[in-house]
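Here you go, one structure.
Whatever order the structure lists ligands and atoms in, that order sets their numbers, starting from 1.
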Amino acid sequence: MKTDTELLKNWGDDLPFRALTVPPHRGSTVLFDTVAEFFDRHRQFYDGYAYGLYSHPAARALEKAIAALEGGARAVLAPSGMAAITLVNLTVLSAGDEILIPESSYGPSRQAARHLLGPLGIVARDYAPDADMNDLLSPRTRLVWVEAPGSFGMEMQDIPGIVAAAHRAGAAVASDGTWASPLGFRALSHGVDFAVQALSKYISGHSDVLMGSVAVADEARFRSLKDRSRTLGYGVSPDDCALTLRGLGTLAVRLDRQAATALALAEWLSTQTGVTRVLHPALPGDPGHALWARDFTGAGAIFSMLLDPHHAANLPAFLENCDVFRIGASWGGLHSLFAPADMSVLRDPVQWADAGPLVRIGVGLEAFEDLQRDLARGLARYRGAARDAAE
Ligand SMILES: *Cc1c(COP(=O)(O)O)cnc(C)c1O
């Protein structure tokens, strides 16, 4: 079955009646008919229903859908993308272990490595996204994170190469694959052990859900993640699961359209005065293009542009006066967003080479022409040009 069709399946096939979608059930107290069943309720922990925090029908349906979409055996849900990242770390690592995190990865994930894992006796080390793994892996390395492309800087990584080196050294690999979603990159089929998604982005897709997932290829890993999620007290809301299942049905069409608009805007922006560089691995001239073309089957709909440092003071005039684009931190919903970034803070302690402002552009479902006009007028304001660039 093609993915587009599979995404429309009703994943809640264990309900006592048939329905086209999965209705949310509150995480109510589950009742047992016998004392023996009550004492045995932990058996329901990995598959059935024992307690609202551990599962409810919409969560089970979403777990199945995510596992299928990732090409994995099982998936665990977490209350946010960040919570999914932490779940992997706290499942795999203990005192004395080392973890490698690319300096291009999602900022809060690097901060958590320092401020949460550090005091637990876990040594987190940053690495350049294109570093030679063999120089970094030690007998204590238990986990290597990859994220391609990187947050804001959009750097690609040789994920199969990193997986091979990490596995040779006895370390597991976790991937934050939120940018391409599993439609554009199936991390598990490239040997990654833990495939993380921020479901808050494309998969729920409407900027109204916060959730994360971890997919794995085997039952034992699923059980250890699920055990750890219980000790952390993680649960997910039935409404959020139902909204995410609804988002899944349109994921393929949304992402196709959004990614196509994003690439067309990225191509056009690369020709505009005031833009010094466009960072998008699907652009043929991008330094990460060869890796993207080799490993990915699709692109996400966010990319970054670097602006001429001479006009940096005009950045607010550009970003604050647009008709369609708004300023906001997240992405993956229906609306186009700008996120300016201070790379000297994000990449600390690494030097970020470019002097000009960096703006991440998350592209929504609006028409290409309207977004292009907005950017053309904004760039005119940025350059300090009096006349409207859109003629
Ligand atoms: C947004 C994001 C996350 C975190 O997701 P939340 O649900 O907001 O916690 C993790 N990784 C990447 C790459 C993201 O963009």
*Less than 4.5 Å apart, any side-chain heavy atom of H25 and any of P238?*
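When only atoms from C-beta onward are counted, P238 and H25 do not touch, as no gap falls below 4.5 Å.
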*G356 backbone acceptor or donor facing D354 side chain under 3.5 Å*: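 No; zero donor-acceptor contacts below 3.5 Å.
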*Under the 3.5 angstrom rule, does the side chain of T178 hit a backbone N or O of A198 as a donor-acceptor pair?*
yes
*Flag, side chain of T86 to backbone of A83, donor-acceptor distance under 3.5 Å*: no
*If hydrogens are left out, which of D176, T86, T178 has an atom nearest to atom 11 (N) of ligand 1, that is, the closest non-hydrogen atom?*
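Comparing heavy atoms across D176, T86, T178, the nearest one to atom 11 (N) of ligand 1 lies in D176.
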*For M82, atoms of ligand 1 separated by under 4.0 Å from a heavy atom*: 4 (C), 5 (O), 6 (P), 9 (O)
_Nearest non-hydrogen protein atom, atom 7 (O) of ligand 1_ = S200 OG, 2.5 Å
_Among all protein heavy atoms in this structure, tell me which lies nearest to atom 6 (P) of ligand 1, with the distance rounded to 0.1 Å._
G81 N, 3.3 Å
_Identified side chain to side chain contact (heavy atoms under 4.5 Å, CB included) counterpart of D323 within the set E366, R377, R373_ =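 Considering E366, R377, R373, a side chain to side chain contact (heavy atoms under 4.5 Å, CB included) with D323 is found only for R377.
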*Look only at interatomic distance and state if K201 has a nitrogen or oxygen under 3.5 Å from any nitrogen or oxygen of ligand 1.*
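K201 vs ligand 1: N/O contact under 3.5 Å present.
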*Those atoms of ligand 1 less than 4.0 Å from some heavy atom in A198*: 2 (C), 3 (C), 4 (C), 5 (O)
_Using a 4.0 Å cutoff against the non-hydrogen atoms of W331, which atoms of ligand 1 qualify?_
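What qualifies from ligand 1 is 15 (O).
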*asked:* Tell me whether R114 at atom CZ has more than 12 heavy atoms from other residues, nucleotides or ligands lying less than 6.0 Å away.
replied: yes
